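So the structure is just underneath, and the comments pick up after that.
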Amino acid sequence: MLRQGPFNWLKPKNDFVLKWILGSDNDQSKELLLAFLNDFLYAPALQSFTSVEIVNPIINKQSIYDKGSILDIKAKVPGYGYVNIEMQLTNQKNMHKRSLYYASKLIGNQLFASDGYSKLERVVAINLLDFSFFPSTPYHSCFRLVEERLHEPFPDLLQLHFTEMPKFVRQDQAGKIPMNDRKAKWLRFFTNEDDTRWFEMAKQDPVMEQMVESLRVASLDPEARELYEARAKALMDLNSIRGEARQEGIEEGIKEGLKKGRKEGKREANRELAKKMLRKGFEVSDIIEMTELTETEIEKLMVEINTH
């Protein structure tokens, strides 16, 4: 039974909170993660997932403070495949490439040199986005491989799910979310900003009661709150750095663009952005995502920075 009392609740859109509740190495987390996956992937009642292994259950404290780290949830569902769940709060305009990149790594990391391709299992990426990304109206999009003329589906080895939470909120407020939408209760949980609604939300069903209780426990735990606040600050700092770097790159690109033309100006902006990110210690893979420069070009920039 949930106990009511005044205190400040942690916000579940923080990726640390998501991992604490659904990605910790304990029975309750696994139970909640199974319920989440069954609903999000619309597992039929007679074919529901019954077990799950959390591949990366440890929350490395260093990663909390690391602005460039990813606090995602990687899980293996026996008989189904691997699932990666990520919460993204800021639109860096590259979410489609980012999701494909990390899903591809999850595919590639399954096999050792001596393994046969028959061991390769399905990979599903679930991206919870706190921004609108696609121009289409539906709040949820799922991409799979299909033959382009006949639309014949490729064997189901890769799924990329994108859930745009602002679209869901608008449609939910307008009463446009169907009653049988199994994702709805989870998204109402993740997007809730009104602390007075938590106990009402907990009354929906036993799963939501457990979710709210887990959030309450985390909110009252001093260590969890400290890590939550540290993570929130790290993400804010990251967004600030990205904004400053992009602006500086744009300004440099504009100057160069007056001389070399628009295309070269954009390229110079990306070069300046890459330099800024290198100086701030970003991973090369992240720089490639944001600038679309090649790894060779970034290596040359590293040399350029180190020789000046």
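None of these values were measured; they are calculated from a predicted model.
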| query | Is Val217 reachable from Met211 through a run of hydrophobic residues whose side-chain heavy atoms are each under 4.5 Å from the next? | reply | no

| request: Before giving the answer on salt bridge (charged side-chain N to carboxylate O under 4.0 Å, His left out), spell out for Arg188 and Asp181 the whole-Å C-alpha distance, their side-chain angles and the decisive distance to 0.1 Å. | output: CA-CA 12 Å; Arg188 291 182 184 119; Asp181 188 330; over 6 Å; no

| field | Heavy-atom closest contact (His140 atom, Cys142 atom, distance) | value | CE1-CB, 4.0 Å

| field | Asp15 and Glu86, any side-chain heavy atoms less than 4.5 Å apart | value | no

| field | Phe189 to Ile21 - nearest heavy-atom pair and separation | value | CZ-CD1, 4.2 Å

| message | Would you compute the distance between atom CZ of Phe190 and atom CG of Asp130 and round it to the nearest 0.5 angstrom? | response | 12.0 Å

| request: Keeping the roles fixed (side chain from Glu164, backbone from Phe134), state whether a donor-acceptor pair exists under 3.5 Å. | output: yes

| request: Using a 4.5 Å cut-off on heavy atoms from C-beta on, say whether the side chain of Val52 contacts that of Lys76. | output: no

| message | Treating Glu200 as the side-chain partner and Arg197 as the backbone partner, does any N or O pair qualify as donor plus acceptor under 3.5 Å? | response | no

| Can you name the closest pair of heavy atoms from Pro12 and Val17 and give their distance? | CA-CG1, 3.7 Å

| said: Parallel, tilted or perpendicular: which one describes the rings of Tyr139 and Phe168, with boundaries at 30° and 60°? | reply: perpendicular

| Exam field: side chain Lys203 to backbone Met208, donor-acceptor pair closer than 3.5 Å | no

| Just wondering, are more than 12 heavy atoms of other shown residues or ligands nearer than 6.0 Å to CD in Glu152? | no

| query | Do Glu292 and Lys97 meet the salt-bridge criterion of a basic N to acidic O distance under 4.0 Å? | reply | yes

| request: Given salt bridge (charged side-chain N to carboxylate O under 4.0 Å, His left out), test Glu223 with Arg225 step by step and report yes or no. | output: CA-CA 5 Å; Glu223 182 182 11; Arg225 180 167 289 278; over 6 Å; no

| Quick one: does Ser132's side chain get under 4.5 Å of Arg170's, heavy atoms only? | yes

| Does some side-chain heavy atom of Tyr80 sit less than 4.5 Å from a side-chain heavy atom of Leu41? | yes

| query | Are the side chains of Arg271 and Glu304 in touch, meaning some heavy atoms are under 4.5 Å apart? | reply | yes

| message | Do Ile288 and Ile298 make a side-chain contact, defined as non-hydrogen atoms from C-beta onward lying under 4.5 Å apart? | response | yes

| task | Could you walk me through whether Arg216 and Glu209 pass the salt bridge (charged side-chain N to carboxylate O under 4.0 Å, His left out) test, one step at a time? | result | CA-CA 10 Å; Arg216 187 190 72 83; Glu209 183 176 11; over 6 Å; no

| remark: One should read off an interatomic distance between Leu145 CG and Phe154 CZ, to the nearest 0.5 angstrom, of 6.0 Å

| request: Would you check if Leu33 and Ile85 make a side-chain contact, meaning some heavy-atom pair closer than 4.5 Å? | output: yes

| With a 4.0 Å cut-off, would you call Asp195 and Lys11 a salt bridge? | yes

| Side-chain (Asn38) to main-chain (Ser48) donor-acceptor, under 3.5 angstrom | no

| query | Counting only N and O atoms by type, is there a donor-acceptor contact under 3.5 Å from the side chain of Asp39 to the main-chain atoms of Phe36? | reply | no

| field | Shortest non-hydrogen separation from Ala218 to Ala224 and the atoms involved | value | O-CB, 3.5 Å

| message | With a 4.5 Å cut-off on side-chain heavy-atom distances among I, L, V, M, F, W and Y, is there a chain of contacts connecting Ile126 to Leu157? | response | no

| said: I'd like to know if Phe143 and Val146 are part of one continuous hydrophobic network [Ile/Leu/Val/Met/Phe/Trp/Tyr, side-chain heavy atoms within less than 4.5 Å]. | reply: no

| message | Within the structure provided, determine whether Met87 and Lys19 are in side-chain contact (heavy-atom separation under 4.5 Å). | response | no

| Is the backbone N or O of Asp25 less than 3.5 Å from a side-chain atom of Ser29, with the two atoms forming a donor-acceptor pair by type? | no

| query | Does Leu10 share a hydrophobic cluster with Phe199, counting links as ILVMFWY side-chain heavy atoms below 4.5 Å and allowing steps through other members? | reply | yes

| task | Could you tell me whether the side chain of Ser219 and the main chain of Trp9 form a donor-acceptor pair under 3.5 Å? | result | no

| task | State the CZ-CE distance between Phe133 and Met95, to the nearest 0.5 angstrom. | result | 8.0 Å

| Heavy-atom donor-acceptor pair, Thr291 side chain to Leu293 backbone, under 3.5 Å | yes

| request: For the residue pair Glu31 and Gln210, confirm or rule out a side-chain donor-acceptor distance under 3.5 Å. | output: yes

| task | Compute whether any side-chain donor of one residue and acceptor of the other, for Asp72 and Asn56, lie under 3.5 angstrom apart. | result | yes

| request: Measure the CG-NZ distance between Leu301 and Lys276 for me, rounded to the nearest 0.5 Å. | output: 15.0 Å

| Centres of the Phe40 and Trp186 rings: under 6.0 Å? | no

| query | How far apart are the closest heavy atoms of Leu160 and Ala103, and which atoms are they? | reply | CD2-CB, 3.9 Å

| To the nearest 0.5 Å, how far apart are CD1 in Ile177 and CD in Gln171? | 5.0 Å

| Side chain of Gln110, backbone of Glu121: donor and acceptor closer than 3.5 Å? | yes

| said: How close do Ala43 and Arg182 get, counting heavy atoms only, and between which atoms? | reply: O-NH1, 3.0 Å

| request: Decide, yes or no, whether a salt bridge links Arg122 with Asp156 under the criterion of side-chain N to carboxylate O below 4.0 Å. | output: yes

| Salt-bridge present (Glu53, Lys74; N to O < 4.0 Å) | no

| Any link between Tyr117 and Leu158 through a network of hydrophobic side chains (Ile, Leu, Val, Met, Phe, Trp, Tyr) touching at under 4.5 Å? | yes

